[in-house]
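No hydrogens, no waters, no symmetry mates; every other heavy atom, side chains included, goes into these values.
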Amino acid sequence: MMNKMNIALDYDNTYTLDSDLWDVFIKLLAMRGHTVYIVTMRYVTQPIEPILDLVPGNVHYTSGKAKRKFMTEHNIRIDVWVDDIPDFILYDAEDI
């Protein structure tokens, strides 16, 4: 029996560096029952569009706040983080 994972994928300079690759990966993860969340430091007023169909309802804008704390406050446990700036998982943007 396989455990299901919640995976947080950063958008800017992670997903955007090779969106075709990440699209395939996201589809594969979904086929295997895992859930991918896009977790970005962006504000809601800076929406991301191209990926919304792949992760419906799973795009989270932290508005510069630490990503782990933000997701925990929204009762979402992340098992795996993929981020070009891992410090943003633990720290607010203003603290980096």
Side-chain angles (χ1 to χ4, degrees):
M1 183 166 111
M2 178 181 58
N3 291 326
K4 305 301 180 191
M5 291 185 289
N6 288 336
I7 298 148
L9 177 63
D10 176 51
Y11 186 74
D12 293 299
N13 296 315
T14 302
Y15 174 83
T16 58
L17 287 181
D18 191 345
S19 59
D20 291 339
L21 168 77
W22 288 113
D23 288 350
V24 170
F25 191 58
I26 290 167
K27 289 175 187 174
L28 178 61
L29 289 167
M31 285 178 14
R32 299 200 38 92
H34 305 298
T35 303
V36 175
Y37 296 89
I38 300 301
V39 184
T40 177
M41 294 287 257
R42 287 183 181 212
Y43 290 78
V44 177
T45 56
Q46 303 167 302
I48 58 176
E49 300 297 333
I51 195 172
L52 297 179
D53 291 341
L54 286 176
V55 291
N58 288 341
V59 176
H60 297 272
Y61 301 88
T62 72
S63 301
K65 299 300 177 191
K67 294 176 179 183
R68 177 177 286 168
K69 182 178 179 187
F70 180 91
M71 295 303 279
T72 299
E73 288 171 351
H74 288 84
N75 297 314
I76 300 171
R77 183 197 84 257
I78 298 297
D79 301 301
V80 177
W81 294 89
V82 181
D83 203 303
D84 67 312
I85 306 176
D87 289 344
F88 286 154
I89 298 166
L90 300 176
Y91 302 104
D92 294 346
E94 66 184 28
D95 296 332
I96 301 296

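- Sorted by first and then second residue, the ring pair (Phe, Tyr, Trp, His ring centres under 6.0 Å) pairs with a member in residues 65-84 read Phe70-His74; sequence neighbours excluded.
- Rounded to the nearest 0.5 angstrom, Asn3 CG and Asp79 CG are separated by 8.5 Å.
- For Asp87, there are no salt bridge (Lys or Arg N to Asp or Glu O under 4.0 Å) partners two or more places apart in sequence or in a different chain.
- Take Val80 and apply the side-chain contact (heavy atoms from CB on, under 4.5 Å) test, not counting sequence neighbours, and it matches Met5, Ile7, Val82.
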Please tabulate, one pair per line, all N/O donor-acceptor pairs under 3.5 Å involving side-chain atoms of residues 35-42, not counting sequence neighbours.
unit_1: Thr40; atom_1: OG1; unit_2: Arg42; atom_2: N; d: 3.1
unit_1: Arg42; atom_1: NE; unit_2: Asp12; atom_2: OD2; d: 2.8
unit_1: Arg42; atom_1: NH1; unit_2: Gln46; atom_2: O; d: 3.1
unit_1: Arg42; atom_1: NH1; unit_2: Pro47; atom_2: O; d: 3.4
unit_1: Arg42; atom_1: NH2; unit_2: Asp12; atom_2: OD1; d: 2.8

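- Hydrophobic cluster membership of Tyr43, counting Ile, Leu, Val, Met, Phe, Trp and Tyr whose side-chain heavy atoms lie under 4.5 Å apart directly or via other members: none, as it forms a cluster of its own.
- Partner Thr14 forms a side chain to side chain donor-acceptor pair (under 3.5 Å) with one of Asp10, Thr16, Asp18 and no other, that one being Asp10.
- Here the options are Val59, Ile51, Asp83, the test is side chain to side chain contact (heavy atoms under 4.5 Å, CB included), and the partner is Tyr11; only Ile51 passes.
- Applying the side chain to side chain donor-acceptor pair (under 3.5 Å) test to residues at least two apart or on different chains, none of the pairs has a partner in residues 51-65.
- Cluster note: Leu28 groups with Met31 through ILVMFWY side-chain heavy atoms spaced under 4.5 Å, whether in direct contact or through intervening members.
- With values rounded to the nearest 0.5 angstrom, Leu29 atom CG is found 9.0 Å from Trp22 atom CH2.
- The distance from the NE2 atom of His34 to the CD1 atom of Ile26 is 13.5 Å, given to the nearest 0.5 Å.
- Asp23 meets the side chain to side chain donor-acceptor pair (under 3.5 Å) test with Tyr15; sequence neighbours excluded.
- With sequence neighbours left out, Arg32 forms a salt bridge (Lys or Arg N to Asp or Glu O under 4.0 Å) with no residue at all.
- The two residues Ile78 and Met71 come nearest to each other via the heavy atoms CD1-CE, 4.1 Å.
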Anything under 3.5 Å between a donor and an acceptor, one on a side chain of residues 88-96, the other on a protein residue two or more places apart or in another chain? List them.
unit_1: Asp92; atom_1: OD1; unit_2: Ala66; atom_2: N; d: 2.7

